[in-house]
Amino acid sequence: MHAPTAPLKPSTGHCIFCDLIHGAAEVSICYEDATAMAFLDIQPVNPGHVLVVPREHYEVLQDMPKTLATHLFEVALTLIPAIQTASGAPDINVVVNSGAAAGQDVMHYHIHLIPRREGDGFDISLPFGASLMPNRQQLDGMAARIGSMLRDPLARGGQKKS
Ligand code: 5GP
Ligand code: ZN
């Protein structure tokens, strides 16, 4: 069992997932423990589309304590074979839309587990067709910048989390 390590972050405004977690609205739960819950998406890409959420309200991945974020991925790993068997879908997309610009609509952190079948019409297409191809110097430059941010927590706004 996982114990929360960070103080509770207050929710800003109304949150539909907090309502579901607190039993204030209908939800089909397939997993729960002390800190995590998983339920069926109300508008599934395919049958068996599950959302894994923390019980506490955190908006985006980087807001979460590392232990809780890791726990949610452990829950996802436990759920995936069960979802595949129950849905009969052979493959799965694990998706996190972290932040509005990344397509997050419900601002309570969640991991999508999306069962996939050949020809189901859903598409998260990578590589992105509209990408500009950077040269090696540009790729190396970005890799070096990221590496230096990792070595210098102050340069990234003291966002280091344990
Ligand atoms: P996002 O775009 O934030 O990554 O995804 C939000 C997901 O939450 C969508 O797939 C949407 O169908 C699902 N969703 C939104 N409202 C509800 C709800 O009231 N109940 C459930 N079970 N899922 C919801
Ligand atoms: Zn919430």
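Residues take their numbers from the sequence shown, with the count starting at 1. Start at 1 and go down the list; that is how both ligands and their atoms are numbered.
- Here the shortest heavy-atom pairing between His110 and His108 reads ND1-O, 2.7 Å.
- The Gly103 neighbourhood of ligand 1 comprises atoms 2 (O), with distances under 4.0 Å to a heavy atom of that residue.
- The shortest non-hydrogen separation linking Tyr31 to Ile29 is O-CG2, 3.5 Å.
- Assignment of Val96 to the shell around ligand 1 is not supported, since no heavy atom sits closer than 4.0 Å.
- At a heavy-atom cutoff of 4.0 Å, ligand 1 is contacted by the side chain of Leu51 but not by its backbone.
- Of the protein's non-hydrogen atoms, the one nearest atom 15 (C) of ligand 1 is Val106 CG2, 4.0 Å.
- Using a 4.5 Å cut-off between side-chain heavy atoms of Ile, Leu, Val, Met, Phe, Trp and Tyr, with links allowed through other members, Val94 and Leu40 fall into the same hydrophobic cluster.
- Side-chain heavy atoms closer than 4.5 Å link hydrophobic residues (I, L, V, M, F, W, Y) into clusters, and following such links, even through other members, never connects Ile111 to Ile21.
- Near Phe39, meaning under 4.0 Å from one of its heavy atoms, ligand 1 places the atoms 22 (N).
- Protein heavy atom nearest atom 10 (O) of ligand 1, with residue, atom name and distance: Asp41 OD2, 2.5 Å.
- Of the protein's non-hydrogen atoms, Phe17 CZ, 3.5 Å is the one closest to atom 8 (O) of ligand 1.
- Here the heavy atom of the protein found nearest to atom 1 (P) of ligand 1 is His110 NE2, 3.2 Å.
- Counting only heavy atoms of the protein, atom 17 (C) of ligand 1 lies nearest to Ile42 CG2, 3.6 Å.
- Angle SG (Cys18) to the Zn ion (ligand 2) to SG (Cys15): 120°, rounded to 10°.
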- Task: Check step by step if side-chain hydrogen bond (donor to acceptor under 3.5 Å, both in side chains) holds for His14 and Asp19.
- Result: CA-CA 8 Å; His14 179 249; Asp19 283 353; 2.6 Å; yes

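- Under the 4.0 angstrom criterion for non-hydrogen atoms, Val27 is not in contact with ligand 1.
- In terms of protein heavy-atom proximity, atom 22 (N) of ligand 1 is closest to Leu40 O, 2.9 Å.
- Gly99 approaches Gln104 most closely through the heavy-atom pair N-OE1, 2.6 Å.
- Ring geometry, His112 versus His49: the interplanar angle falls from 30° to 60°, so the pair is classed tilted.
- For the pair ND1 of His57 and ND1 of His108, the angle whose vertex sits at the Zn ion (ligand 2) is 100° to 10 degrees.
- Close contacts of ligand 1 with Gln43, meaning ligand atoms under 4.0 Å from a residue heavy atom, involve 12 (O).
- Under the 4.5 Å side-chain heavy-atom criterion for grouping Ile, Leu, Val, Met, Phe, Trp and Tyr, Phe39 is not connected to Leu113 through any hydrophobic cluster.
- Here the side chain of Asp120 pairs a donor or acceptor atom with the backbone of Arg117 at under 3.5 angstrom.
- Residues Asn46 and Ser87 are not in side-chain contact: their nearest non-hydrogen atoms beyond the backbone lie 4.5 Å or more apart.
- For the pair Arg151 (side chain) and Ile146 (backbone), a donor-acceptor distance under 3.5 Å is absent.
- Taking every non-hydrogen atom of Ile16 and a distance limit under 4.0 Å, the qualifying atoms of ligand 1 come out as 19 (O).
- Residue-ligand proximity, His112 to ligand 1, at heavy-atom distances under 4.0 Å covers atoms 1 (P), 4 (O), 5 (O), 7 (C), 10 (O).
- Of all the heavy atoms of Asp105, the ones lying under 4.0 Å from any atom of ligand 1 are found in both the backbone and the side chain.
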